[in-house]
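No hydrogens, no waters, no symmetry mates; every other heavy atom, side chains included, goes into these values. Residue numbers start from 1 in every chain, and the chains themselves are labelled A, B, ... in the order their sequence lines are given, proteins ahead of strands.
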Number of protein chains: 2
Amino acid sequence: MATGRNHRPATRSRGIPEATVARLPLYLRALTALSERSVPTVSSEELAAAAGVNSAKLRKDFSYLGSYGTRGVGYDVEYLVYQISRELGLTQDWPVVIVGIGNLGAALANYGGFASRGFRVAALIDADPAMAGKPVAGIAVQHTDELERIISDNGVSIGVIATPAGAAQQVCERLVAAGVTSILNFAPTVLSVPDGVDVRKVDLSIELQILAFHEQRKAGEEAEASARKGPDGDMPAVMPA
Amino acid sequence: MATGRNHRPATRSRGIPEATVARLPLYLRALTALSERSVPTVSSEELAAAAGVNSAKLRKDFSYLGSYGTRGVGYDVEYLVYQISRELGLTQDWPVVIVGIGNLGAALANYGGFASRGFRVAALIDADPAMAGKPVAGIAVQHTDELERIISDNGVSIGVIATPAGAAQQVCERLVAAGVTSILNFAPTVLSVPDGVDVRKVDLSIELQILAFHEQRKAGEEAEASARKGPDGDMPAVMPA
DNA sequence: CCATCTTTGTGCACGCGTTCACAAAGACAT
DNA sequence: ATGTCTTTGTGAACGCGTGCACAAAGATGG
């Protein structure tokens, strides 16, 4: 996960559970692979294995979408691809702007996974005037001054922030003011946004820190296996006054 | 995660809840900012606001670490920074290898957030012989043939996979065989690993798809509202089918 | 030393998500 | 048509995470 969560309280009324929504893209990817291999049908067991989840969970997830399976047979791959795509809103084209064309922004612009799934990079935006006009991934970078016009002209509702942390909140506010209502944030900052705007964040540093925690715990268990002494001591290296 | 999760079944008896662990880096970042501004103490309310969480949740999170606060005052910033760092295992140095030095791998290598938090890029590895020797972020790229030796020589236990999807599983297996026990996967694939190995994945495409789902739902609600009220709303440039 | 005020630490209840286990549904063979 | 076999769809139980609300702890002032 990348990451953390930051959306509305819960899925209300008629909605699909948030946890299920987060897994739909995973199923879709596995199904697309099957589709390319011309596999006609797949059982919940097989598909669950391909997606790396429990088969009961997968069936329950699909049950929120409707009864698309056939008992004794499984699920029709093509049909399911279509249903999930439609549910996720991928049957339409989503123009996306990327703000902050540093190393990460350039990597995102070049990332093939966007175009293949209904997303289209409508514009690359950077605050550095020296970047303006330079082509990245075949698209000319535009200056931040153009941000509002670009959003408006292209009907952009999804923005990606790949700026330094210091600029993120300001960029966010300009995006929202210009009409963006969904933001994918790569900057290591907490963004504050008005109600109705969704923010998802991807934080590389946090992911590594979580891994380090588990890694340390594994090492600690190993050490405990050899020596039966608690690692509970307070290192007074940095003590408050 | 922002994405998906893939660790061991549950939190162990004496352990800190997984959800809490995932928030500790967030608190740590907020605390570090306070520390740099020489703020001596902070209340749960203030810190929670800075980290974007509920204050009760924050206090409960800290209660798993111990009683580090002072009632009527709050938490000592420096002391808390140290305690969380220690808990996360950031008081030691973690050598990390990045495999796959494309756009994304290069962006990761240049990402400053690693070095500042106890992580050190020990090596950059790529399968392309033409990349070998080329410096990226001040480090010479090494060929995949060297992978096992690099891991072993540097005692690397954390690996980052930024290869194309097709190569990810194989790279993963080589990393694990060489001794890596924690993997951060950026490739859009489900990795299968033996027990004892932690995998976290960051999937840009999935994050965007989740945003698209919510975006579509918002558009649907708007359409529903304007259908009931009247043709008042702004013209939706992209109308869902 | 006592009263008051602030803020922590946590017991408790609630809701979401996961998993089990099984009845119902349909395919398929005879 | 009937029986068997496979696989779905889901009711129900359980566990984790969240947030409320408050008592306990300690600071502060008189």
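- Put simply, the side chain of A:Glu45 never gets that close to the backbone of A:Ser55: no donor and acceptor are under 3.5 Å apart.
- Two residues are said to be in side-chain contact when any heavy atoms from C-beta on lie closer than 4.5 Å; A:Cys172 and A:Asn185 fail this criterion.
- For the pair B:Glu45 CD and D:dA21 P, the interatomic distance rounds to 14 Å; values are reported in whole Å.
- For A:Ser43, no side-chain nitrogen or oxygen approaches OP1 or OP2 of D:dT7 to under 4.0 Å.
- Atom CG in B:Leu24 sits roughly 13 Å away from atom P in D:dG17 (whole-Å rounding).
- Atoms CD (A:Glu18) and C1' (D:dC16) sit 17 Å apart, rounded to a whole Å.
- DNA chain C is contacted by B:Arg59, B:Lys60, B:Ser63 of residues 54-65 of chain B, taking any non-hydrogen atom closer than 4.0 Å.
- A donor-acceptor contact closer than 3.5 angstrom links the side chains of B:Asp61 and B:Thr20.
- Note that CG of A:Leu24 is 5.0 Å distant from CG of A:Leu88, once rounded to the nearest 0.5 Å.
- Whole-Å rounding puts the A:Tyr75 OH to D:dT6 P distance at 18 Å.
- In this structure, the side chains of B:Leu208 and A:Phe114 come closer than 4.5 Å at one or more pairs of heavy atoms.
- Per the geometry, OH belonging to A:Tyr68 stands 11 Å off P belonging to D:dG9, to the nearest Å.
- Nearest nucleotide to the side chain of B:Thr70, out of D:dG17, D:dA27, C:dG17: D:dA27.
- The minimum heavy-atom distance linking B:Glu215 with A:Trp94 is given by the pair CG-CZ3, 3.3 Å.
- When the C1' atom of D:dC22 is taken as reference, atom CZ of B:Arg71 falls 11 Å away, rounded to whole Å.
- OP1 or OP2 of D:dT8 lies within a sub-4.0 Å distance of a side-chain N or O belonging to A:Ser44.
- The interatomic distance linking A:Asp76 (CG) with C:dA27 (P) rounds to 13 Å, in whole Å.
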